[in-house]
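Step one of this worksheet: look at the structure below.
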Amino acid sequence: MPSKHLYSIRMRASARERHISGAERIIPEERIDATVSGLITRALSKGCAPDTIVVTLDSLKDVAPIQHRALDVVMLSVPDVRSGREMASRILQSLGVSDMAIELAMTHLDRGVSPSGNNMRGAMVLDASTGDRLEQDRERGVRASRFDWSDDGEKEITRLLTDAGLTHFRTREALALATKVAHAPGMVAELCWSDDPDYTAGYVASLAMGYVRFPVLKHRGNGKGGRAFFVDPDVFEMEAFLTYLQTRPVLITEAGQCRQVLDPKKFFT
Ligand code: PML
């Protein structure tokens with residue numbers, strides 16, 4: 001019988017001071033060895049030898065994880081980057097994010113989110129009205145941590161995503177992260193595309209519309225990407241936001257629904 005004593009494990013790997021890999025797990029004590037070893041193998045298999053791999057383990061002590069159902073997944077078939085970004089913008093607008101904030105977020109993601117033009121380990125936090133950057137550390141951004149799938153949730157989502165043709169671990173991990181983030185106080189929506197040059201997919205996630213996934217939000221070969229968290233300036237408080245994202249453990253215990261929209265024009269109908 002698995003122990004009730006849970007640990008948060010976080011891995012991040014970097015090479016030449018650049019972030020190359022990261023992962024989050026919440027697991028019982030008896031799986032620590034196997035999980036740490038799996039995460040190190042993963043960091044070493046990125047095709048670029050890491051200079052540093054940091055694995056952090058924290059006991060959750062007696063803090064019971066908050067349980068969430070995963071956001072519903074909507075797979076939106078878009079043929080190219082331009083139409084993907086147009087649809088992503090329309091969805092963000094409908095959620096209350098201003099044109100200016102959307103344009104600034106996309107420009108930052110295209111150029112490299114940190115002031116030095118690198119990708120950030122964490123996300124930028126943008127005022128959904130003005131597009132002002134609110135995160136204090138612009139080299140690192142804000143990283144959501146302490147989240148994972150429960151065993152049952154992971155089985156269910158793996159089956160659902162596999163049936164939908166989505167077999168990459170990134171989708172499952174990004175959906176868990178997006179589900180935690182969507183419940184953050186003051187959160188409106190998240191925009192993300194991968195910084196992996198070979199991975200062109202991205203998403204817009206929100207409690208209102210779920211995890212809307214685009215097969216292309218950037219061109220293949222482009223190694224710039226990351227996450228933008230748009231927040232509602234009327235209710236947003238940085239301290240409450242960070243406390244939730246960085247310290248509250250969240251387990252995703254149930255998959256949502258998964259559907260495909262082949263004609264993007266039908267998305268809003
Ligand atoms: C990342 O982890 O690199 C971001 C992944 C974004 C899209 C994930 C997916 O839905 O496949």
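Worth saying up front: this structure is predicted, and the values here are computed from it rather than measured. Indexing begins at 1, ligand by ligand and atom by atom, following the structure's order. Position 1 is the first residue of the sequence, and the numbers go up from there.
Backbone and side-chain nitrogen or oxygen atoms of Arg170 are examined, and one is located within less than 3.5 angstrom of a nitrogen or oxygen of ligand 1. When only interatomic distances are considered, the shortest N/O to N/O separation between Trp193 and ligand 1 does not fall below 3.5 Å. Considering backbone and side-chain atoms together, Thr171 places an N or O closer than 3.5 Å to an N or O of ligand 1.
For the 3.5 Å distance criterion, the side chains of Ser59 and His5 qualify, holding a donor opposite an acceptor. Side-chain contact, Arg12 with Ser14: no donor N or O sits under 3.5 Å from an acceptor N or O. In this structure, a donor-acceptor pair under 3.5 Å is absent between the side chains of Tyr244 and Arg146.
Cation-pi geometry between Arg170 and Tyr199 is satisfied (NZ or CZ under 6.0 Å from the ring centre, within 45° of the ring normal).
Looking from atom 8 (C) of ligand 1 to the surrounding protein, the closest heavy atom is Tyr211 OH, 3.4 Å. Nearest non-hydrogen protein atom to atom 4 (C) of ligand 1 is Cys192 SG, 3.7 Å.
Note on ligand 1: Arg213 sits in its first shell, one or more heavy atoms being nearer than 4.0 Å.
In the displayed structure, Gln93 atom CD is contacted under 6.0 Å by more than 12 heavy atoms of other residues, nucleotides or ligands.
Ring geometry for His68 versus His183: interplanar angle under 30°, hence parallel rather than tilted (30 to 60°).
Heavy-atom proximity to Tyr199, at under 4.0 Å, picks out these atoms of ligand 1: 7 (C), 8 (C), 9 (C), 11 (O).
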